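Inspection log for the structure reproduced underneath, given as structure tokens.
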2 protein chains.
Amino acid sequence: MEEREKLHENQRGPLLMSDVRIRNMDEFAVVCGISRPTISKYFNDPHSVRDSTRKKIEIALEKYDYRPNVFAMNQNRKLTKNVGIVVPYLADPFFAEIARNMEQRCLDHGFQPTLYSAHGQKQLEIDILDGLRSLKPAGVLLAPLGRDSDVSFVEKFCRDVPTVLFDSMVHGLDEPYVGSDNPQFARMMVEYLCRDGEPPCFFEMESPANPNAVKRRNAYLEAMRYFGHEPQIIQAKGQGWSFEEVGRLGGLAALEAKAFATNTVLCSNDRLAIGFMSACFEKGFTIGRTEEAAIRIAGQDDHPFSRFTCPPMTTVAQDYESISHHALETLFRVIDGAKKPSKDKLFGGKLIQRASA
Amino acid sequence: MEEREKLHENQRGPLLMSDVRIRNMDEFAVVCGISRPTISKYFNDPHSVRDSTRKKIEIALEKYDYRPNVFAMNQNRKLTKNVGIVVPYLADPFFAEIARNMEQRCLDHGFQPTLYSAHGQKQLEIDILDGLRSLKPAGVLLAPLGRDSDVSFVEKFCRDVPTVLFDSMVHGLDEPYVGSDNPQFARMMVEYLCRDGEPPCFFEMESPANPNAVKRRNAYLEAMRYFGHEPQIIQAKGQGWSFEEVGRLGGLAALEAKAFATNTVLCSNDRLAIGFMSACFEKGFTIGRTEEAAIRIAGQDDHPFSRFTCPPMTTVAQDYESISHHALETLFRVIDGAKKPSKDKLFGGKLIQRASA
DNA sequence: CCTTAAACTTTGCGCGCGTAAAAATTTGAT
DNA sequence: ATCAAATTTTTACGCGCGCAAAGTTTAAGG
């Protein structure tokens with residue numbers, strides 16, 4: 001009691017930040033004039049203590065730059081405040097952008113986000129999830145590699161850690177999923193292209209890692225039949241995540257073979273379209289929806305760079321905001337224990353009409 | 001002794017992975033037949049124990065999926081095996097790419113990389129460094145925001161944590177720095193452009209956050225004088241990290257004002273150039289080095305998308321490999337204590353001649 | 001003023017591992 | 001075989017905090 005009073009007295013004295021260094025929560029509790037368990041409670045959730053108590057602690061926090069030891073905090077806690085965000089390929093600005101959005105939302109809710117990229121590698125995705133598990137995260141937002149993912153491993157991971165999948169589903173996984181309504185993307189674009197000119201061919205990768213590509217292809221086929229046109233699919237050889245290069249090479253090959261039955265091409269995604277546009281330029285085909293243009297090209301995703309292509313790309317915009325918002329809402333709900341069997345949530349896209357189609 | 005013998009016996013029996021769950025290092029030591037401190041030493045550095053001992057441990061690791069508790073491990077350790085990688089803007093594929101490279105090298109050297117992006121925000125950079133400090137990282141690779149960085153804060157951080165700066169220097173900071181020889185970039189490109197056609201104007205952001213931009217501008221000025229040409233600098237209004245949009249809007253304004261004295265424009269960086277190319281297209285200016293083209297445009301950086309612009313962009317390639325390699329070598333040297341006053345290391349760029357200039 | 005629930009304090013244990021020191025063992029070379 | 005050096009074992013303590021239980025204080029409502 002005596003020592004406590006003394007230190008407590010100092011608090012009102014001319015004590016500078018650097019004068020006393022708080023070594024642990026016990027010492028901090030003393031200078032606060034509050035017991036350690038309450039301090040502990042405060043750091044776990046600031047609003048779990050009385051207003052007057054919180055105020056006292058926060059005043060002390062201004063004075064001393066104490067911060068609880070992260071490792072000691074998390075050691076004896078079943079669940080931390082960490083949230084893992086895992087994407088398949090961070091060099092794709094789409095993922096960078098949506099990850100940024102999610103990070104921000106985590107911080108706003110008092111969680112500590114950590115970003116990981118599998119860089120398109122199966123083994124790295126496994127290693128990331130493996131390492132993540134030992135961080136005892138409160139939850140994980142996972143955009144899997146897709147076809148390349150180790151399904152049984154991901155499944156096992158999801159059993160241990162509250163996980164919300166986004167962007168790409170994994171077949172046979174029962175976790176909550178938030179993403180885009182890919183069939184709607186393709187349908188909408190096919191309808192627009194048919195209304196505005198010749199019906200589109202469909203340009204895609206031969207064996208896409210991302211299952212969304214399959215949905216888009218099927219939706220294209222359906223939509224074309226619905227409108228009474230003959231569908232045509234052209235596949236670019238190649239694999240991996242260098243979509244632009246695959247699109248360029250595949251585009252060159254297709255153009256040389258005069259493979260396109262119409263003057264309109266709907267690409268499976270914007271990055272592929274960027275590569276294809278490059279191929280068209282190389283071959284001297286002018287792109288656009290004007291009379292003098294030779295070919296119309298449309299993409300899907302509204303990639304951050306798509307508005308700067310020449311010409312600017314007509315595409316379907318993913319609803320970044322809604323996806324990240326809903327993904328985190330879902331995750332928080334799962335974390336809070338109300339394990340609602342929240343079904344998949346899909347968001348529609350918006351047609352972005354630019355000059356390319 | 002008795003219990004140990006018993007468990008040790010089990011090891012040779014028909015024991016499956018899932019049969020026994022190892023709860024901590026003590027139990028794992030028992031099934032290894034090795035004392036805990038040695039096990040601890042192994043996990044700290046596998047090559048610090050005798051070969052025969054390592055073998056025994058690794059055999060046991062195959063059998064039981066024990067992994068030491070990350071939090072307990074790091075609690076009493078002054079330095080962890082964590083390495084922080086901090087970039088100013090991850091949605092820029094240049095940073096995504098170099099971060100990927102650095103991550104891989106960390107893993108190869110037995111470190112645990114964690115990636116952070118300040119997303120162009122000063123406060124976020126501070127928060128990231130602040131949080132990083134409490135993770136007791138072995139070292140940090142920091143590409144600062146630049147002009148927007150809180151210099152005194154970064155300085156204080158560097159005093160506490162072994163740090164290697166890359167990409168962008170912070171004025172008045174004495175830490176080891178690894179980056180590109182930006183003046184050489186501009187010099188080389190000016191020389192090429194002058195040799196191949198009209199001398200270039202210089203297109204840049206009004207008040208760039210990145211100090212490299214200033215170096216490139218000054219190098220442009222110098223080179224132009226050296227070659228006996230009148231330099232001309234055109235500035236795009238705007239700030240932030242949406243370089244493409246700034247370049248497009250600034251480009252439109254400049255083109256409308258007929259501001260360019262020659263038919264050749266050297267942009268401060270590729271992203272600005274991508275935006276400027278978009279503006280040129282919009283205004284009907286054909287880009288390229290052929291006779292019929294109206295304007296030549298060159299960039300700097302060799303951004304991952306620059307080879308897919310229409311036309312493909314002539315630029316100067318940053319030496320990703322060398323930068324990330326040298327940055328990590330330097331960091332490891334600093335971590336190992338040999339605090340050599342390693343001076344800054346700059347790498348030259350390579351001229352990438354494509355169709356745009 | 002009394003009643004009660006909520007918030008806080010006190011006490012004390014335990015987590016899983018780092019680490020130090022001294023003793024015991026193994027290794028490798030003479 | 002001999003001996004020093006390298007490695008491992010034994011023993012023991014401490015890190016900083018989570019967490020639980022029981023007692024005490026505070027705040028709110030009638």
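Each chain gets a letter, A, B and so on, in the order its sequence line appears, and its residues count up from 1. These numbers were taken from a predicted model, which means no experiment stands behind them.
Distances shorter than 4.0 Å separate none of the side-chain N or O atoms of B:Thr38 from OP1 or OP2 on D:dT7. For the pair A:Ser52 and D:dT26, the criterion of a side-chain N or O lying under 4.0 Å from OP1 or OP2 is not met. OP1 or OP2 of D:dT8 lies within a sub-4.0 Å distance of a side-chain N or O belonging to B:Thr53.
With sequence neighbours excluded, the residues forming a side-chain hydrogen bond (donor to acceptor under 3.5 Å, both in side chains) with A:Asp160 are A:Arg133, listed by chain and number. Partners of A:Asp174 by side-chain hydrogen bond (donor to acceptor under 3.5 Å, both in side chains), not counting sequence neighbours: none found. The side-chain hydrogen bond (donor to acceptor under 3.5 Å, both in side chains) search around A:Glu125 returns A:Ser149, not counting sequence neighbours. For the side-chain hydrogen bond (donor to acceptor under 3.5 Å, both in side chains) test, residues two or more places apart in sequence or in another chain that qualify with A:Thr80 are A:Asn82. In this view, A:Pro162 and A:Val334 satisfy the side chain to side chain contact (heavy atoms under 4.5 Å, CB included) rule, not counting sequence neighbours.
Regarding A:Leu79, its CG atom lies at a distance of 15 Å from the C1' atom of D:dC19, rounded to whole Å. Rounded to an integer number of Å, the gap from NZ of B:Lys56 to C1' of D:dT7 is 12 Å. Summarising the geometry, the separation between NZ on B:Lys55 and P on C:dT26 is reported as 20 Å, rounded to the nearest angstrom. In this structure, A:Arg54 atom CZ and C:dC8 atom C1' are separated by 15 Å, rounded to whole Å. Spacing between atom CG of B:Asp45 and atom P of D:dT7 amounts to 12 Å, rounded to whole angstrom units. When the C1' atom of D:dC19 is taken as reference, atom OH of A:Tyr42 falls 20 Å away, rounded to whole Å.
Taking the six-membered ring for Trp and the full ring otherwise, A:His119 and A:Tyr89 have centroids separated by 6.0 Å or more.
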Listing time: all N or O pairs from protein to nucleotides 14-21 of chain C that are below 3.5 Å?
from, atom 1, to, atom 2, distance (Å)
C:dG14, N2, A:Asn76, ND2, 2.8
C:dC15, O2, A:Asn76, OD1, 2.8
C:dC15, O2, A:Asn76, ND2, 2.7
C:dG16, O4', A:Gln75, NE2, 3.2
C:dG16, N2, B:Gln75, OE1, 3.3
C:dG16, N2, B:Asn76, ND2, 3.4
C:dG16, N3, A:Gln75, NE2, 3.1
C:dC17, OP1, B:Tyr66, OH, 2.4
C:dC17, OP1, B:Asn69, N, 2.9
C:dC17, OP2, B:Met25, N, 2.3
C:dC17, OP2, B:Tyr66, OH, 3.4
C:dC17, O2, B:Asn76, ND2, 3.3
C:dG18, OP1, B:Arg77, NH2, 3.1
C:dG18, OP2, B:Ser40, OG, 2.4
C:dG18, O3', B:Asn76, O, 3.3
C:dG18, N7, B:Arg36, NH1, 3.3
C:dG18, O6, B:Arg36, NH2, 2.9
C:dT19, O4, B:Arg36, NH2, 3.4

